[in-house]
Structure formats: C-alpha cells, structure tokens
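These notes are about the structure you will find just below.
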Amino acid sequence: MEGAFRLAMSGSPGVGKSTVSSLLEGFGYRIETVESLAEDFGCIEEVDPRDGARPIDVDKLQKKLEVAWEENPKIQTVIDGHLSHLLDVDCVVILRCRPNDLRERLAGRSYPSQKIDENVDWEILGGPWAEVEVGKPIIEFDTSSEKSESIVAAILQWVSDDFKPRSPRNPIDWVGKGEV
C-alpha cells in the first residue's frame, strides 16, 4: 500500500482498542475515533436511556466520509472504535478477548448485565469478521494473552511487511477452544 493509510482498530468494547491505538500514536500514527467522526459529521444520536449508548448512523457517516476521505490521509491514521471496520478503511486490526475475561472487564466498567451479555455474545461470534469487506488486509490479536506493547510491535511489523499475511492463518475461534 503506497503512502499513508487508514487502519480500523475494531473489536468488542473492552478488548483494548483505545489502549493499543494510543500506543500507536507514539509511533506517529494519528488517532480518530468513530464517535468523534460521527459527532463531526452529525451522524450520532443522543444517549439511548435503555443502554446508555449513543447510536451512530454508520451508513450516513460512510456517505459523508466518502467526500472527506477522497484523498489519502497525510499520515497513518487509526480509526478507533468497534464500528470502524464498517468504514472505508484500508486495513483492519481486530482485537479479541477470551469471553470470561471480557465479561470481567465490562463488569469492571459497570456495564449493565444485558450489555455485557450482548458484547460477550458478539465476541464469541467474532462480530467484525462477518462484516469486514472481503479482500481487505486483516489481522487479529488476543488481548487476553498478549500485552498491548507486543501487539503494537506486531502491527508495526505487519504494516512494514505490506500487510502480509493478508488474513490470519488461524483465526481465533472461542467456541472451538471451548471458551464459551
């Protein structure tokens, strides 16, 4: 991939997207969040009292970004957020976490039990995998067993190696590992 690019940092809430993104910032990457982009382009709603989330109209946001992102970014840019893989990015990093570890992390953030269950189910199913555009370079990491610094080193290596491999050789399968 020539020049600067946009990298989606995706995964379930609580897997470490913002932590890994902030470490990449130390290597000269610019960080944007899906939420801030949605706010900038008027594609986010008020807080939903049922779950405390601010719904984002991803289709509307993508349409607005088509114009804003006509040109490549000036520097490598990370789009941090669990919906980032749905945007027109150049490559995707998916962070994963063992379901029981994720449940503990979300409980530690005082998520309501229904929201915890929904996010753990999404993690078990490998949520982003079903939604990533075919052919886009993609890599994944298990944040329950790898330190953020080693994940950043692996991402930097993957980028410098022209995003090879283009997809993980052994995608994480929590069901197959008996982690559910």
Side-chain angles (χ1 to χ4, degrees), residues 6-27 29 31-35 38 47-48 50-56 58 78-87 89-161 163-180:
R6 289 183 184 88
L7 178 151
M9 183 69 64
S10 192
S12 303
V15 296
K17 297 178 299 295
S18 296
T19 299
V20 171
S21 294
S22 67
L23 290 171
L24 283 169
E25 193 170 25
F27 290 91
Y29 283 63
I31 311 302
E32 294 185 6
T33 67
V34 174
E35 186 174 2
V47 174
D48 183 336
R50 291 172 296 171
D51 66 4
R54 293 184 69 197
I56 294 173
V58 178
V78 173
I79 310 300
D80 174 8
H82 74 279
L83 300 173
S84 62
H85 63 279
L86 298 172
L87 301 177
V89 294
D90 300 300
C91 54
V92 179
V93 171
I94 299 177
L95 300 183
R96 308 287 305 277
C97 182
R98 280 188 201 101
N100 287 336
D101 293 353
L102 183 59
R103 185 173 298 285
E104 287 178 24
R105 290 180 188 185
L106 296 177
R109 292 181 175 188
S110 300
Y111 272 46
S113 59
Q114 180 183 345
K115 198 73 174 164
I116 292 172
D117 291 343
E118 290 170 2
N119 284 303
V120 169
D121 287 350
W122 199 67
E123 174 62 33
I124 290 167
L125 296 173
W129 277 108
E131 302 168 334
V132 173
E133 184 181 319
V134 175
K136 201 166 274 192
I138 183 170
I139 194 167
E140 72 174 352
F141 298 95
D142 178 357
T143 64
S144 45
S145 64
E146 285 188 69
K147 296 215 176 294
S148 299
E149 294 79 7
S150 66
I151 291 171
V152 168
I155 291 169
L156 294 171
Q157 179 61 47
W158 181 61
V159 167
S160 71
D161 217 9
F163 306 97
K164 291 181 185 134
R166 293 297 215 201
S167 63
R169 292 181 180 97
N170 298 307
I172 295 168
D173 175 9
W174 298 127
V175 175
K177 290 181 175 190
E179 294 279 347
V180 293

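Everything quoted here is computed from the prediction, not taken from an experiment.
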Residues Ile139 and Pro168: closest non-hydrogen pair is CA-CG, 4.1 Å
One should read off an interatomic distance between Glu118 CD and Ser12 OG, to the nearest 0.5 angstrom, of 11.5 Å
Counting distance only, does the side-chain N/O of Ser144 pair as donor-acceptor with the main-chain N or O of Arg98 below 3.5 Å? yes
Run Val93 and Ile151 through side-chain contact (heavy atoms from CB on, under 4.5 Å) and show every step you take.
CA-CA 10 Å; Val93 171; Ile151 291 171; 5.5 Å; no
The reported gap from CD1 in Ile79 to OG in Ser10 (rounded to nearest 0.5 angstrom) is 12.0 Å
Item to check | Minimum side-chain heavy-atom gap Val89-Lys136 below 4.5 Å | outcome: yes
When Leu95, Ile172, Val152, Val20 are each screened for side-chain contact (heavy atoms from CB on, under 4.5 Å) with Phe141, the one that passes is Leu95
Within the distance-only criterion (no hydrogens, no angle test), does the side chain of Arg96 pair as donor or acceptor with the backbone N or O of Gly11 below 3.5 angstrom?
-> no
| said: Looking at Ser84 and Asp80, would you say the former's side chain and the latter's main chain have a donor-acceptor pair under 3.5 Å? | reply: no
| task | Give the ring-plane orientation class for His85 versus Trp122, where under 30° counts as parallel, over 60° as perpendicular and anything between as tilted. | result | tilted
Shortest non-hydrogen pair, Asn119 vs Pro13, comes out as OD1-CD, 3.1 Å
- Query: Do Leu7 and Ile155 come close enough that some side-chain heavy atom pair is under 4.5 Å?
  - Reply: yes
Of all heavy-atom pairs linking Val15 and Cys97, the shortest is CG1-CB, 3.7 Å
Rounded to the nearest 0.5 angstrom, the OG1-CZ distance for Thr143 and Arg105 is 4.0 Å
In this structure, CD of Glu35 is separated from NE2 of His82 (nearest 0.5 Å) by 10.0 Å
CD1 (Ile138) and CH2 (Trp158) are apart, to the nearest 0.5 Å, by 7.5 Å
In terms of heavy-atom contacts, Ile31 and Ser21 come closest through CD1-O, 3.2 Å
Please lay out, stage by stage, how Leu87 and Arg6 fare under the test side-chain contact (heavy atoms from CB on, under 4.5 Å).
CA-CA 10 Å; Leu87 301 177; Arg6 289 183 184 88; over 6 Å; no
The reported gap from CG in Leu102 to OH in Tyr111 (rounded to nearest 0.5 angstrom) is 9.0 Å
